[in-house]
Amino acid sequence: MTTARAAQIARWRNRLAIAAIVIPCGLLLLFERQARRLEALTDHGVSIRAQVTRVSRNGTTHYAYRYDGRPFTWSVKRKQAPYKVGERFDAVVLPEDPSLSRPVSVSALVAPEITRNRTISRFAVAIAFAFFAGLALLLHRDVRRLGAGIVDGPLDPAAYRRRLIGSFGVLLVPMGLITAWHGREALRGGGSIVPVILAGVLCVAIVAGTLFYAGREGPSQARLRVAKLMAWLAPIAIGAAVLRLLMALFGS
């Protein structure tokens, strides 16, 4: 039983170790690609005429334009293109990638956007690496302990509950920081902070529900329950995070 458990933990350790390299590298490539596209836009962007097609309630201006006979659409924050629906304005487009454009009125803000993009990329890469590498190290410790024949004895239920509450408290810190960052960005963009608060509350509820589900039947069943959850929750979470990143980088 101990050998099988050590093998299972070792498999998860290896997966997390790979994720600690692959995911940060992927994030770095995505951020750097966007930064280089923006640099190219400022270097040899072509002037075009665009037309506002829609204004969203969340403070976003959607517009359409044509380049080389093909139609394209883009969107920016409302304060960067404060035009009415149907109004035409000057914009610049990247010739080798016409799907990327910016209003001429904010062309001077592209350089700070590049700097901000690369600053965020460093934080994102560091956080992703620390998260996955930390989990891998914890599992590696468990593998070594099991290999040495060290098996944890029964954990007192009260102590186990305190451990769960402590883990929840630790998780609240990064969730709070992320929510605060998104809230600040929403306010700076002239959008509503309500969706950010609702998303933060939902994240807290999901984490609290997960911990409750994992520890409901005590420490003896916690690992099994966590393994069942991770079998489908981890791919969904990673997919959602990647999708959100792509939308943030290339959808606005």
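Each residue takes its place number in the sequence, starting with 1.
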Once you round to the nearest 0.5 Å, how far does CZ of R102 lie from CG of L38?
5.5 Å
Okay, side chain of Q51, backbone of A64: is any donor-acceptor separation there less than 3.5 Å?
no
Just one of V92, D68, V93, L94 clears the side chain to side chain contact (heavy atoms under 4.5 Å, CB included) bar with V46, so which one?
V93
With rounding to the nearest 0.5 Å, note down the distance linking CD in E39 to CD in E32.
7.0 Å
Which heavy atom in V125 sits nearest to a heavy atom in P24, and how many Å separate them?
CG2-O, 3.5 Å
Looking at L41 and L100, what are the two nearest heavy atoms and their distance?
CD1-O, 4.3 Å
Output the distance between atom NE2 (H140) and atom CG (L16), rounded to the nearest 0.5 Å.
13.5 Å
Quick check for you: to the nearest 0.5 Å, what is the distance between N14 atom CG and I18 atom CD1?
6.5 Å
Answer with yes or no whether the side chains of H62 and T73 bring together a donor and an acceptor at under 3.5 Å.
no
For F129, does the CZ atom sit with more than 12 other heavy atoms under 6.0 Å from it, leaving out its own atoms?
no
R88 atom CZ, neighbour heavy-atom count above 12 within 6.0 Å:
yes
Is it true that I21 and W12 fall in one hydrophobic cluster, defined by side-chain heavy atoms closer than 4.5 Å?
no
So, taking the atom named OG1 in T42 and the one named CZ in R37, what distance separates them when rounded to the nearest 0.5 Å?
13.0 Å
Run the side-chain contact (heavy atoms from CB on, under 4.5 Å) check on Y65 and S101 step by step: do they pass?
CA-CA 9 Å; Y65 57 93; S101 68; 3.3 Å; yes
Output, in order, the C-alpha distance, side-chain angles, deciding distance and verdict of side-chain contact (heavy atoms from CB on, under 4.5 Å) for D90 and R49.
CA-CA 5 Å; D90 293 327; R49 291 287 287 175; 2.9 Å; yes
From CD (Q80) to OG (S75), nearest 0.5 Å:
10.0 Å
Please report the shortest heavy-atom distance between A136 and A17, naming the atom on each side.
CB-N, 3.9 Å
For the ring pair F89 and Y63, is the centre-to-centre distance below 6.0 Å?
yes
Check: R78 side chain, A81 main-chain N or O, donor-acceptor pair, under 3.5 Å:
yes
If I compare all heavy atoms of Y67 with all of P95, which pair ends up nearest, and what's the gap?
OH-CB, 3.6 Å
Please report the closest heavy-atom contact between E96 and P98, naming both atoms and the distance.
C-CD, 3.8 Å
